[in-house]
Amino acid sequence: MRKTIAYLGYGLGLMLLVYYGLNYQETLHIEAGRNFDPFPLMQFSYVYSLMIGMYIALPGFIKRMALKGTLSVNWLKILILGIPMLLISASGILFYYSVSSQLNSLIRWVYLKYNMMGTTLIGVACGYILLSSIFKKEIEQNTVSVVKSSLAKIVVLFILGFSLLYVALNGFLHPMKLVDVQADIVKNDDQTGYLVNDGKDTVYFIRTEIEYRLKFENMPVRSIRQPGGDLKIKVEPQEELRSLFSEDIFKQPEGIGFTGGGKETEITLTYTIGSIDPEGNNVDLPPPAPEVLEEIKDRLYNAELVVEFSDTDIKRFNLLDYKGN
């Protein structure tokens with residue numbers, strides 16, 4: 001009877017873990033689509049797969065813990081099976097943390113080969129291996145086995161310690177740099193249009209925009225967020241540029257685009273200075289006169305770029321230093 005209850009409880013626990021985990025994963029998937037930020041989804045998928053694997057290994061773990069003996073770890077098993085599986089299952093997250101071009105390319109290759117489903121399955125196997133590597137030792141092993149186990153333990157701890165140290169010092173070893181800035185005024189005839197009036201009407205605007213193309217080196221992919229996320233990036237105009245506008249158009253970019261990642265990342269900021277609805281259904285914002293546009297174009301670099309990773313980590317770049325690059 002006790003076994004029957006234990007089996008039922010174990011099965012029910014597994015079904016609940018899968019059910020609620022998948023529901024939460026679907027919620028994160030929807031949020032990733034809305035915010036263009038897959039990182040929380042990847043984090044959860046990684047931890048969740050380990051939890052599933054550990055849960056599957058739980059009955060055997062409980063049996064081993066019920067035995068008499070000294071608690072021990074099979075470090076050789078973790079080294080040969082656990083560490084490679086751990087790195088493969090975490091490849092998506094490591095891609096977000098790595099900025100070294102060679103390492104980033106390797107991790108990205110691994111992640112693309114396995115994709116999210118493959119890394120999830122490897123993560124389940126990894127969780128099982130990690131928990132099943134803990135046991136109780138009743139009989140003293142021979143000297144050769146002890147030496148092998150000690151060496152494997154040293155290697156495992158070294159790999160884990162080195163990985164944590166690399167992540168902690170990543171920003172110091174590979175500091176972020178702004179290497180190029182291209183600023184221009186462009187006319188954007190948006191043929192695809194976009195929805196207004198609560199999504200009922202599609203409007204095709206012809207917009208006159210200020211466009212800044214910013215090329216960075218060593219910007220971690222995890223730092224790239226839409227406004228309101230971890231990374232806040234904006235242009236702060238100096239008086240020579242600000243005085244050409246009656247309103248503060250630089251308060252918030254109208255659009256932010258990201259390409260690349262790792263060694264080189266390009267971010268595009270656009271600020272609308274004129275908007276015309278050809279169909280005449282919306283109020284037009286006439287762009288400045290041609291001579292004023294030329295003056296604006298000449299002063300686009302009279303500004304600072306502010307990159308805010310957190311309240312205490314704020315970097316400023318004088319765009320005049322990049323004019324004519």
Side-chain angles (χ1 to χ4, degrees), residues 1-29 40-94 97 107 110-111 113-142 144-164 167:
M1 186 66 181
R2 290 178 61 184
K3 280 190 176 182
T4 302
I5 295 175
Y7 289 146
L8 289 174
Y10 177 77
L12 179 63
L14 181 60
M15 286 187 286
L16 289 175
L17 181 62
V18 172
Y19 177 77
Y20 285 107
L22 290 179
N23 277 355
Y24 185 64
Q25 190 175 47
E26 182 61 26
T27 300
L28 290 178
H29 187 79
L41 173 62
M42 297 175 73
Q43 283 180 308
F44 175 77
S45 297
Y46 170 64
V47 175
Y48 181 57
S49 63
L50 292 178
M51 289 174 58
I52 292 292
M54 289 181 175
Y55 189 88
I56 294 173
L58 190 60
F61 176 77
I62 294 175
K63 280 186 179 181
R64 292 192 300 275
M65 292 302 102
L67 299 174
K68 293 181 179 181
T70 305
L71 196 65
S72 186
V73 178
N74 189 338
W75 294 103
L76 191 61
K77 185 178 180 180
I78 292 178
L79 176 62
I80 296 175
L81 298 177
I83 292 297
M85 290 181 178
L86 190 67
L87 294 176
I88 292 173
S89 63
S91 57
I93 295 176
L94 293 175
Y97 273 89
I107 294 172
V110 171
Y111 182 68
K113 287 294 182 183
Y114 281 92
N115 64 52
M116 184 168 285
M117 177 61 72
T119 55
T120 298
L121 293 176
I122 293 291
V124 172
C126 180
Y128 183 90
I129 291 295
L130 292 178
L131 196 61
S132 65
S133 297
I134 303 174
F135 64 99
K136 282 191 174 180
K137 182 172 58 177
E138 295 184 275
I139 303 173
E140 287 295 326
Q141 300 174 343
N142 58 53
V144 176
S145 298
V146 171
V147 172
K148 286 183 178 180
S149 179
S150 299
L151 182 60
K153 178 180 179 180
I154 293 172
V155 174
V156 169
L157 295 179
F158 173 79
I159 292 174
L160 294 177
F162 179 81
S163 300
L164 292 174
V167 170

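Please read these numbers as outputs of a predicted model, since none were measured by experiment.
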*With distance as the sole test, does Lys136 use its side chain to make a donor-acceptor pair with the main-chain N or O of Thr70 at under 3.5 Å?*
no

_Side chain proximity check, Leu76 to Lys153, heavy atoms < 4.5 angstrom_ = no

*Could you give the distance from CD1 (Ile62) to CG (Leu67), rounded to the nearest 0.5 Å?*
12.5 Å

*Drop me the distance from Leu79's CG to Leu151's CG, to the nearest 0.5 angstrom.*
8.0 Å

*Work out which heavy atom in Leu17 is nearest to a heavy atom in Tyr48; give both atom names and the distance.*
O-OH, 3.0 Å

*Test side-chain contact (heavy atoms from CB on, under 4.5 Å) on Trp75 and Leu157 and set out the steps.*
CA-CA 9 Å; Trp75 294 103; Leu157 295 179; 4.3 Å; yes

*Report the distance from atom CG of Leu130 to atom CZ of Phe61, rounding to the nearest 0.5 Å.*
12.0 Å

*Do the non-hydrogen side-chain atoms of Leu86 and Ile78 ever get within less than 4.5 Å of each other?*
no

*Considering non-hydrogen atoms only, spot the tightest contact between Arg64 and Leu131 and give its length.*
NH2-O, 3.1 Å

_For a quick test of reading the model, state the closest non-hydrogen atom pair linking Cys126 to Gly82 and the distance between them._
SG-O, 3.8 Å

*Closest heavy-atom contact between Leu28 and Phe44?*
CD1-CB, 3.4 Å

*Where do Leu87 and Val110 land on the side-chain contact (heavy atoms from CB on, under 4.5 Å) test, with the steps shown first?*
CA-CA 10 Å; Leu87 294 176; Val110 171; over 6 Å; no

*Hey, could you give me each pair passing ring pair (Phe, Tyr, Trp, His ring centres under 6.0 Å) that has a residue in residues 2-22? Not counting sequence neighbours.*
Tyr10-Tyr55

*Indicate the atoms forming the closest heavy-atom contact of Thr119 with Ser91, along with that distance.*
CG2-OG, 3.6 Å

*Determine whether the side chains of Ser132 and Lys77 contain a donor N or O and an acceptor N or O closer than 3.5 Å.*
yes

*List the atom of Met85, the atom of Ile129, and the distance in Å for their closest heavy-atom pair.*
SD-CG1, 4.1 Å

*Would Met42 and Tyr111 satisfy side-chain contact (heavy atoms from CB on, under 4.5 Å), going step by step from the backbone distance to the final call?*
CA-CA 11 Å; Met42 297 175 73; Tyr111 182 68; 3.8 Å; yes

*Inter-residue atom distance Leu41.CG - Glu26.CD, 0.5 Å rounding*: 9.0 Å

*Mind running side-chain contact (heavy atoms from CB on, under 4.5 Å) on Ile88 and Tyr114 for me, showing each step along the way?*
CA-CA 8 Å; Ile88 292 173; Tyr114 281 92; 3.8 Å; yes

*asked:* To the nearest 0.5 Å, what is the distance between CG on Leu58 and CE on Met54?
replied: 10.5 Å

